[in-house]
**Student:** 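Below is a structure I'd like to ask you about.
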Amino acid sequence: MNTSKSDELFSIANKYIPGGVNSPVRAFGAVQGNPVFINKGQGCRIWDVDGNEYIDYVCSWGPLILGHSYPAVVEAIHEAASKGISYGAPCETEVELARLICEAIPSMEMVRMVNSGTEATMSAIRLARAYTGRQLILKFEGCYHGHADSFLIKAGSGMMTTGVPTSPGVPEVLAEKTLVAVYNDISSVEQQFRRYGQDIAAVIIEPVAANMGLVLPEPQFLKELRRITELYGSLLIFDEVITGFRTCFGGFQNLINIRPDLTTLGKIIGGGLPVGAYGGRRDIMQMVSPSGSVYQAGTLSGNPLAMAAGLATLKELKNSDWYDRLEVVTYYLTNKLKPVFEEHDYLFEINQLTSMFTVFFTENAVNSYDHVKTSDTEFYGRFHRALLKRGVYWPPSQFEVCFVSCAHELEDVDITIEAVDEALDEVGQR
Ligand SMILES: *Cc1c(COP(=O)(O)O)cnc(C)c1O
C-alpha cells in the first residue's frame with residue numbers, strides 16, 4: 001500500500017499540530033503505523049490522499065448514519081450556505097430541529113443547541129448541580145462524556161471513594177466531585193448512594209456504553225438506576241451522544257421506556273457538522289439562561305448550516321425503514337464474521353446492537369470495563385493494519401465501536417468479510 005502522501009502530511013502536521021492530529025485517537029497511536037489522510041468520502045467509502053480506497057466502519061465516529069455525502073444533506077448545507085453562513089440571531093431551522101428532537105424523545109420537553117457533545121454534557125451537569133443544589137456527580141468506569149474536567153476521572157481499584165484524574169491539568173478539587181461506579185453493577189451504585197446519596201446531583205451514563213467498545217446494559221440495570229436516583233432526588237442524565245437516533249428514531253431510552261431527567265445528544269443530530277444538544281424536563285431546562293439563571297451560551301450555537309444538516313438527516317431517518325435495514329446489514333456482517341474468526345482459531349466476543357458492533361479479542365463475555373480490559377490490544381493493532389491494507393477502515397482502537405451506515409450494502413459486507421479472512425491469514429496466530 002502506497003501511503004507516501006499521507007506520511008508526508010503527517011510529518012508536516014506533527015510540526016504544527018500536537019501529535020499531528022486534532023483528536024487523539026485519529027493518530028492511530030493504539031495500533032500500528034501512521035494515520036492515513038482522507039480527502040474524499042462517498043457512501044460507505046473513503047479515499048486517502050494517495051488514492052487508496054476503504055470501506056469505512058468509523059463513519060466520522062457515528063454522525064454519518066446516512067453515509068458520506070448523502071445527497072439530501074449536502075443539498076441542505078449548500079442551500080443554507082447560499083443564504084448566509086451564520087447570523088448570531090435566531091433562525092427557523094433551529095426551531096424546526098428542536099421540535100423534531102423533542103417530538104422524537106418524549107423526556108426532552110425542551111432542548112438547547114450547542115456545538116459539541118462535550119459542551120452538552122458539561123452544560124447538563126452544571127444545570128443538574130444548580131437544580132439540585134448539590135455538587136457530586138456519579139459516572140461509570142469506561143463511559144466517555146467528552147473532555148470536560150469533571151469527566152476525565154477514573155476510578156481507583158475496587159470500590160472507589162473519590163475520583164482520580166486521568167489527565168494532568170484536572171484540579172483535584174474538581175476530581176473529588178466526581179464519583180465512579182461500575183457499569184452493569186448496581187451494587188457499586190448503591191454503595192456510593194448509601195455513602196454520598198444526599199450530595200449527588202446527578203448520575204450520568206451512556207445507556208449503551210459505546211466508548212469502551214460496545215457494552216450493552218443488562219436488562220434491569222438502567223431501571224434500577226432510575227429507581228435509585230428518584231429515591232435520592234438525584235437527576236438521571238442519559239448521555240445519548242452516540243445512541244441518539246442511532247438505535248431508533250429517538251433515543252435508546254425510547255426502546256427501553258425509561259425517562260431520564262436530562263439527555264445529551266450530538267453526532268447524528270448534526271449530520272456531520274459540529275452540533276450537540278442537551279434537554280429534558282421543562283422545569284429543569286427553564287433554569288437555563290436567559291429564562292433562568294444558569295449561564296450557558298455559544299457564538300455559533302444553532303448555526304444555520306449545522307441545523308440544516310441535522311434536520312436533513314433526521315427527516316431522512318424519520319418514517320423510513322432505514323433502521324430495519326441497518327440492523328439487517330449489521331447482523332449479516334457480524335453473523336458472517338463469526339465463522340471467519342472461528343476458522344482461524346481466534347478467541348473473540350462480538351457485541352452488537354442495531355448498527356453498532358465491536359469484535360473483542362478476548363475469551364470472556366464482555367459486559368463491563370474490567371472485561372473490556374482483558375482484550376488483546378496488541379493483536380488488535382496488527383489486525384487493524386492488515387485490514388487497512390485490504391481496503392477496510394476499522395476503528396484504530398479496540399475500544400472504539402464499528403458503525404454501519406445506510407450506505408453499506410450486502411456486497412460491501414461480503415468484501416469486508418473477505419478482507420477480514422485475508423487479514424487474519426496475514427497476522428497469524430495470537
Ligand atoms: C462523542 C461523545 C461525546 C463527546 O462529543 P464531542 O462532540 O466529541 O465533544 C460525549 N459523550 C458520548 C457518549 C460520546 O460518544
Side-chain angles (χ1 to χ4, degrees), residues 25 29-31 57 61-62 138-145 151-160 163-164 166 178-192 203-225 238-239 242-243 246-247 252 256 330-331 333-335 337-338 340-342 344-384 394-403 420 424 427 429-430:
V25 79
V31 291
Y57 289 94
W61 305 97
L138 179 73
K139 77 176 282 286
F140 292 86
E141 204 180 3
C143 281
Y144 179 70
H145 304 291
F151 299 120
L152 295 181
I153 309 298
K154 190 175 180 254
S157 58
M159 249 343 95
M160 340 17 106
V164 179
T166 37
T178 302
L179 307 170
V180 184
V182 178
Y183 196 84
N184 273 336
D185 178 358
I186 203 66
S187 69
S188 74
V189 177
E190 283 166 347
Q191 202 159 333
Q192 295 286 31
V203 173
I204 184 165
I205 188 166
E206 293 179 75
V208 179
N211 283 287
M212 48 171 149
L214 189 70
V215 176
L216 308 185
E218 278 163 11
Q220 286 305 312
F221 177 63
L222 296 172
K223 280 204 178 81
E224 280 295 299
L225 210 55
F238 274 4
D239 181 355
I242 282 189
T243 51
R246 168 59 62 180
T247 55
F252 180 67
I256 53 173
T330 313
Y331 188 68
L333 172 56
T334 53
N335 221 25
L337 278 176
K338 282 174 193 162
V340 174
F341 285 111
E342 275 159 10
H344 286 82
D345 275 337
Y346 288 107
L347 296 171
F348 66 97
E349 283 292 324
I350 300 181
N351 284 356
Q352 187 209 331
L353 181 73
T354 63
S355 52
M356 303 181 280
F357 70 94
T358 301
V359 182
F360 291 100
F361 293 111
T362 182
E363 63 215 86
N364 311 306
V366 179
N367 49 29
S368 78
Y369 188 55
D370 275 346
H371 298 158
V372 166
K373 284 190 297 191
T374 64
S375 303
D376 186 344
T377 52
E378 193 274 333
F379 178 79
Y380 185 91
R382 287 191 284 133
F383 172 65
H384 176 269
W394 211 253
S397 160
Q398 169 75 88
F399 308 125
E400 302 290 347
V401 167
C402 290
F403 291 103
V420 169
L424 290 175
V427 293
Q429 293 300 314
R430 280 209 279 172

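For clarity, every value in this text was computed on a predicted model and none was experimentally measured.
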**Student:** Can you tell me how far the CG atom of L333 sits from the NZ atom of K338, to the nearest 0.5 Å?
**Tutor:** 10.5 Å

**Student:** Ignoring hydrogens and angles, tell me if any N or O in the side chain of D185 forms a donor-acceptor pair with the backbone of S187 under 3.5 Å.
**Tutor:**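 Such a contact is found between D185 side chain and S187 backbone.
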
**Student:** Determine the sole option in W394, F403, F348 for which the ring pair (Phe, Tyr, Trp, His ring centres under 6.0 Å) test with F357 is passed.
**Tutor:** W394

**Student:** Side chains of N211 and C143: closer than 4.5 Å at any heavy-atom pair?
**Tutor:**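 With C-beta onward as the side chain, the pair stays apart.
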
**Student:** Can you name the closest pair of heavy atoms from P395 and Y57 and give their distance?
**Tutor:** CD-O, 4.2 Å

**Student:** List the atom of V427, the atom of R382, and the distance in Å for their closest heavy-atom pair.
**Tutor:**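 The answer is O-NH1, 3.1 Å.
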
**Student:** Could you check if a side-chain atom of L216 sits within less than 4.5 angstrom of a side-chain atom of N367, using non-hydrogen atoms only?
**Tutor:** no

**Student:** A side-chain contact here means heavy atoms from C-beta on lying under 4.5 Å apart; do T354 and T330 qualify?
**Tutor:**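 No; the side chains remain at least 4.5 Å from each other.
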
**Student:** In Å and rounded to the nearest 0.5 Å, what is the CD1 to SG distance from I350 to C402?
**Tutor:**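 Reported to 0.5 Å precision, the distance equals 9.5 Å.
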
**Student:** To the nearest 0.5 angstrom, please state how far the CG atom of L225 sits from the CD atom of E190.
**Tutor:** 10.0 Å

**Student:** Backbone N or O of E400 within a donor-acceptor pair of the Q398 side chain at under 3.5 Å?
**Tutor:**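 No; zero donor-acceptor contacts below 3.5 Å.
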
**Student:** Could you tell me whether a side-chain N or O of T178 sits under 3.5 Å from a main-chain N or O of I153, the two making a donor and an acceptor?
**Tutor:**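 No, because the side chain of T178 does not come within donor-acceptor range (under 3.5 Å) of the backbone of I153.
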
**Student:** Heavy-atom distance under 4.5 Å between the side chains of F140 and V189, does that happen here?
**Tutor:** yes

**Student:** Do the side chain of N351 and the main chain of L214 share a donor and acceptor less than 3.5 angstrom apart?
**Tutor:**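 Indeed, once roles are kept as given, a pair shorter than 3.5 Å links the two residues.
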
**Student:** Taking atom CD of E206 and atom OH of Y144, what is their separation to the nearest 0.5 Å?
**Tutor:** 10.0 Å

**Student:** Nearest 0.5 Å, please: how far is CE in M212 from OG1 in T358?
**Tutor:**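 These two atoms lie 10.5 Å from each other.
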
**Student:** Minimum heavy-atom separation for F252 and P217, please, with both atom names.
**Tutor:** CE2-CG, 4.0 Å

**Student:** Using modelled atom types only, decide if a donor and an acceptor are shared between the side chain of E141 and the backbone of V180 within a distance under 3.5 Å.
**Tutor:**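 Judged by distance alone, no pair lies under 3.5 Å.
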
**Student:** Are I242 and V401 packed together at the side-chain level, in the sense that at least one heavy-atom pair is separated by less than 4.5 angstrom?
**Tutor:**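 Side-chain contact under 4.5 Å: no.
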
**Student:** Using a 3.5 Å distance criterion without hydrogens, assess whether the side chain of E349 forms a donor-acceptor pair with backbone atoms of T362.
**Tutor:** no

**Student:** Measure the spacing between NE2 of H145 and CG of D239 and express it to the nearest 0.5 Å.
**Tutor:** 5.5 Å

**Student:** Counting N and O atoms only, with roles assigned by atom type, does the side chain of S397 sit under 3.5 Å from a partner on the main chain of F399, one being a donor and the other an acceptor?
**Tutor:**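 Yes; judged by distance alone, with no hydrogens or angles, the pair exists.
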
**Student:** Return the minimal non-hydrogen interatomic distance between R246 and S355, and the atom names on each side.
**Tutor:** NH1-OG, 2.9 Å

**Student:** Classify the angle between the aromatic ring planes of F383 and F379 as parallel (below 30°), tilted (30 to 60°) or perpendicular (above 60°).
**Tutor:** parallel

**Student:** I'd like to know whether F360 forms a side chain to side chain contact (heavy atoms under 4.5 Å, CB included) with V372, so could you lay out the CA-CA distance, the side-chain angles of the two residues, the decisive distance to 0.1 Å, and finally the verdict.
**Tutor:** CA-CA 8 Å; F360 291 100; V372 166; 4.0 Å; yes

**Student:** If you count the non-hydrogen atoms of other residues, nucleotides and ligands that lie under 6.0 Å from CZ in F341, is the total more than 12?
**Tutor:**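 Result for CZ/F341: enclosed.
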
**Student:** So, the side chain of N364 versus the backbone of H371: is there a donor-acceptor pair under 3.5 Å, distance only?
**Tutor:** no

**Student:** Can you confirm whether P207 sits close enough to T243 that some side-chain heavy atom of one is under 4.5 Å from a side-chain heavy atom of the other?
**Tutor:**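 When only atoms from C-beta onward are counted, T243 and P207 do touch, with a gap below 4.5 Å.
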
**Student:** Is there side-chain contact between M356 and T247, with at least one heavy-atom pair below 4.5 Å?
**Tutor:** yes

**Student:** Donor-acceptor pair, Y183 side chain versus A209 backbone, under 3.5 Å?
**Tutor:** yes

**Student:** Given side chains that start at C-beta, do those of I205 and L222 come closer than 4.5 Å, heavy atoms only?
**Tutor:**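 I205 vs L222: side chains touch.
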
